[in-house]
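Below you'll find the structure, written out as structure tokens, and then a few comments.
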Number of protein chains: 2
Amino acid sequence: MRKRKSTIYDLAQLAGVSASTVSAVLSGNWKERRIAEATAKKVERLAAAQRYTVNRQASGLRKNRSGLIGMIIPMHDNRFFSSMSQAFERLARERHWYPIVVSTLRDPALELGTVRTLISYQIEYLVVAGATDPDSVSRECRRHGVAHVNVDLPGTRATSVISDNYWGAQQLTQALIDRSKPTRSRLRNKAHFVGGIATDHATRRRMEGFADVVTTRFGHVDDDQIDACGYEGTLAEAAVRSLHVRIGGLPRALFINSTIALEGVVRFLKTLPADELARCAFGCYDWDPFASVLSFPLLMVRQNVEGLLGEAFRIIDSKSFGDKRLIEIKPDLLFAHDVAAVSTWSPLPASIGVA
Amino acid sequence: MRKRKSTIYDLAQLAGVSASTVSAVLSGNWKERRIAEATAKKVERLAAAQRYTVNRQASGLRKNRSGLIGMIIPMHDNRFFSSMSQAFERLARERHWYPIVVSTLRDPALELGTVRTLISYQIEYLVVAGATDPDSVSRECRRHGVAHVNVDLPGTRATSVISDNYWGAQQLTQALIDRSKPTRSRLRNKAHFVGGIATDHATRRRMEGFADVVTTRFGHVDDDQIDACGYEGTLAEAAVRSLHVRIGGLPRALFINSTIALEGVVRFLKTLPADELARCAFGCYDWDPFASVLSFPLLMVRQNVEGLLGEAFRIIDSKSFGDKRLIEIKPDLLFAHDVAAVSTWSPLPASIGVA
DNA sequence: CGTTGCTGCACAATCGATTGTGCCAAGCCG
DNA sequence: CGGCTTGGCACAATCGATTGTGCAGCAACG
């Protein structure tokens with residue numbers, strides 16, 4: 001059953017023409033090469049009948065192109081990156097490039113190895129999303145003349161398109177403070193930030209946005225208001241538990257730095273009485289549809305994945321790889337209604353901006 | 001900065017040897033071809049210095065291989081399929097194949113087009129996951145001699161590895177009934193099934209598993225106990241709402257057929273008092289980590305993604321594509337504790353089985 | 001009738017790596 | 001010393017498609 005694939009030579013023989021004629025017909029430039037329309041028709045019918053498919057390895061070799069565009073991401077199994085894959089595919093297909101997405105598990109060695117392999121398949125462009133070591137990837141790409149763009153995590157050796165974490169954190173913090181109610185307890189009358197890692201670029205920017213808004217609104221911000229305890233849910237759970245003990249209840253507002261952290265925090269919150277939850281305003285930087293069904297109101301920031309990749313492709317389209325800019329895309333602030341509503345989510349400012 | 005990539009001919013010239021010698025050295029079979037070790041060392045040093053990378057288009061063309069293995073999935077942006085991508089990559093890499101995952105958006109035309117393009121890149125194997133029209137894909141693959149396996153949704157023209165939906169539904173239904181409490185109301189003393197589409201293979205098998213267990217335990221099952229209202233959350237929300245009206249409260253047990261449906265159901269449940277929720281046992285076919293933080297106990301079935309793909313690769317490894325078997329992999333039944341616990345999830349039977 | 005110009009195609013080189021085969025030189029044996 | 005083996009490599013064909021160039025054949029034209 002496993003037939004030999006048919007080639008232009010097979011078709012040429014069947015049609016009684018030369019291979020170059022077949023090639024001209026099938027690649028669509030038979031008019032420029034002055035092939036008679038009758039001949040073209042005949043070849044096309046034969047190709048369809050034989051179910052001919054071009055061998056892109058051969059074609060790519062000759063044309064010194066592959067039609068492939070690659071993207072590396074840390075992992076597939078993640079809401080943010082999987083929606084990046086989805087957007088990436090759409091944008092690549094619009095441009096008639098064939099998308100290849102590969103995960104690198106936050107392992108710098110695998111990151112580099114994967115990029116090398118992608119290059120060996122002659123990919124034409126590379127989107128480097130959430131890379132742990134974007135600059136090494138840039139060096140490798142540059143050596144082989146592969147144009148590329150960083151997304152989500154910035155590098156210094158290529159143009160980077162990242163989320164405007166500072167702005168998003170400001171918006172979330174402001175909305176949290178606006179929706180929160182003053183407490184009599186001085187200890188609890190503060191907004192708190194929990195989750196993430198302070199060495200991470202995104203977390204740092206969010207901490208800054210949070211701190212700046214808190215300072216503007218309250219005059220000052222204390223060290224104990226910010227706890228970049230790590231990304232894991234259990235760490236955030238423990239952090240909020242101990243905060244709860246330390247200040248004798250929930251704070252006025254709580255900024256939770258990821259959905260993973262939110263999971264842990266919610267595990268702790270479930271042990272508290274409902275009226276205590278009602279006294280705290282909750283916000284989460286990052287979005288999960290399931291969080292909309294939690295039992296308390298929640299503000300969430302949704303990163304603008306389409307915006308990030310759209311901008312990345314705009315850079316690729318314009319071939320402006322040289323300037324190594326840093327482009328920031330504003331996220332969206334969303335509000336999960338506390339009681340079942342017709343539409344569960346309503347966007348607040350919904351803005352796409354470029355710094 | 002954009003250098004021409006170096007080829008074996010460049011290296012040959014630099015090393016003062018022939019291209020075939022360079023090729024032999026770099027492809028690792030220089031011993032069989034009796035190249036002197038000194039020559040090999042020299043070539044390898046040069047290749048490293050020049051940052052030579054083989055051109056896989058050329059190599060693949062000559063060897064009539066590509067090193068590529070493809071997988072099509074309906075979408076990336078989904079917990080189940082994105083974890084399939086993750087497992088697929090791991091298994092492919094173990095075998096030194098380069099994985100390409102592409103989504104086809106449940107569009108039969110895009111499905112076929114994507115497969116054709118993958119074939120034109122000379123992929124060596126294809127995993128067809130969750131395809132809407134697996135048999136058309138099979139025909140296309142067969143015509144071009146590409147070995148393939150269906151996963152998640154079965155086809156008739158290739159071996160299929162799917163989740164044991166019947167068994168999983170039985171387990172979930174039994175556990176639900178075991179954990180549920182009898183009600184005085186005759187109307188409410190029943191288990192109900194909600195969500196999914198009856199034309200879908202998976203939903204049908206789950207309905208059968210549910211119905212068979214209910215019949216065994218209660219002697220009979222009524223039509224109104226099963227409502228395949230569709231996948232959307234709003235549909236499930238409406239279905240449960242009207243059920244609640246019809247039987248004057250929640251039923252004894254509720255089998256929810258997807259996490260999407262669960263989202264909708266939870267939106268409705270949030271409008272009910274807590275003590276009413278406590279009288280119903282909830283189960284969801286499919287798993288979401290965020291569901292663990294819901295305010296009521298929940299049984300969940302987690303499909304065994306590693307098991308599904310592991311079996312698919314075992315078939316590829318053994319090259320037994322001819323027999324067109326249907327292999328069913330048992331899922332896991334998990335229990336989300338109702339109150340914050342050290343470990344939020346505990347597996348109940350945790351079994352991998354092949355029918 | 002010779003020249004020009006156009007049509008319609010074929011020929012052959014090429015992309016870069018792989019691989020069957022051939023060939024020279026050194027070593028060994030009888 | 002001649003023949004045979006073996007080591008060490010080069011040569012050239014090959015994979016399938018693309019593309020610059022060449023060349024018949026025919027019509028038109030002066």
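Residue numbers begin at 1 in each chain, while the letters A, B, ... track the order of the sequences.
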Task: Partners passing salt bridge (Lys or Arg N to Asp or Glu O under 4.0 Å) against A:E32 (at least two apart in sequence or in another chain) - done: none
Using a cut-off of under 3.5 Å, enumerate the N/O to N/O pairs linking the protein to nucleotides 13-15 of chain D.
{"from": "D:dT14", "atom 1": "O2", "to": "B:R62", "atom 2": "NE", "distance (Å)": "3.4"}
{"from": "D:dT14", "atom 1": "O2", "to": "B:R62", "atom 2": "NH1", "distance (Å)": "3.0"}
{"from": "D:dC15", "atom 1": "O2", "to": "B:R62", "atom 2": "N", "distance (Å)": "3.2"}

Open item on the list: Expected output is a numbered-order residue list: members of residues 13-23 of chain A with a heavy atom under 4.0 Å from any atom of DNA chain C. What is it?
Closed with: A:G16, A:V17, A:S18, A:S20, A:T21
Open item on the list: I'd like to know if the side chain of A:S23 and the backbone of A:A19 have a donor-acceptor N/O pair within less than 3.5 Å.
Closed with: no
Open item on the list: Going by the rule salt bridge (Lys or Arg N to Asp or Glu O under 4.0 Å), which residues pair with A:R34 if we only count those two or more places apart in sequence or in a different chain?
Closed with: none
Task: Sequence-distant partners of A:R116, salt bridge (Lys or Arg N to Asp or Glu O under 4.0 Å), two or more places apart - done: A:E140
- [ ] First locate atom OG of B:S320, then atom CZ of B:R325, and finally report the distance between them rounded to the nearest 0.5 Å.
- [x] 5.5 Å
- [ ] Would you please say whether a donor-acceptor pair under 3.5 Å links the side chains of B:N78 and A:S82?
- [x] no
Open item on the list: On the nucleotide D:dA17, are OP1 or OP2 found under 4.0 Å from the side-chain N or O atoms that A:Y52 carries?
Closed with: yes
Please write out the pairs of protein N or O atoms and N or O atoms of nucleotides 24-28 of chain D separated by less than 3.5 Å, giving the distance to one decimal.
none

TODO: Could you list the residues that satisfy side chain to side chain donor-acceptor pair (under 3.5 Å) with A:S20, not counting sequence neighbours?
DONE: A:S18
TODO: Rounded to the nearest angstrom, tell me the gap between atom CD1 in A:I8 and atom C1' in D:dT18.
DONE: 8 Å
- [ ] Let me know the distance between CG of B:L11 and C1' of C:dT18, rounded to the nearest Å.
- [x] 15 Å
TODO: Check for a donor-acceptor pair, side chain of A:Q57 on one end and backbone N or O of B:Q122 on the other, with a separation under 3.5 Å.
DONE: no
Open item on the list: If the helix axis at each end comes from five base pairs, how far does the helix from C:dC1-D:dG30 to C:dG30-D:dC1 deviate from straight, to 10°?
Closed with: 70°
TODO: Take atom CD of B:Q122 and atom P of D:dG16, then tell me their distance rounded to the nearest Å.
DONE: 9 Å
TODO: Mind jotting down which residue pairs meet the side-chain hydrogen bond (donor to acceptor under 3.5 Å, both in side chains) criterion with at least one end in residues 95-106 of chain A? Sequence neighbours excluded, please.
DONE: A:R95-A:D317, A:S103-B:Q86, A:S103-B:E89
Open item on the list: Does the plane of the ring in A:F321 sit parallel, tilted or perpendicular to the ring in A:Y125? Use 30° and 60° as the thresholds.
Closed with: parallel
- [ ] Quick one: which residue pairs count as a side-chain hydrogen bond (donor to acceptor under 3.5 Å, both in side chains) with a foot in residues 59-73 of chain B, not counting sequence neighbours?
- [x] B:R65-B:E124
Task: Partners passing salt bridge (Lys or Arg N to Asp or Glu O under 4.0 Å) against A:K41 (at least two apart in sequence or in another chain) - done: A:E37
Open item on the list: Can you list, in residue-number order, the parts of residues 28-40 of chain B that come under 4.0 Å of DNA chain D, counting heavy atoms only?
Closed with: B:R33, B:R34, B:I35, B:A36, B:T39
TODO: Report yes if the side chains of B:H148 and B:V115 come closer than 4.5 Å at any heavy-atom pair, otherwise no.
DONE: no
Task: B:D135 and B:T156 side chains, donor-acceptor separation under 3.5 Å - done: yes
- [ ] Starting from P on D:dG16, measure out to CG on A:L26 and report it in whole angstrom.
- [x] 15 Å
Task: Minimum side-chain heavy-atom gap B:D10-B:Q50 below 4.5 Å - done: no
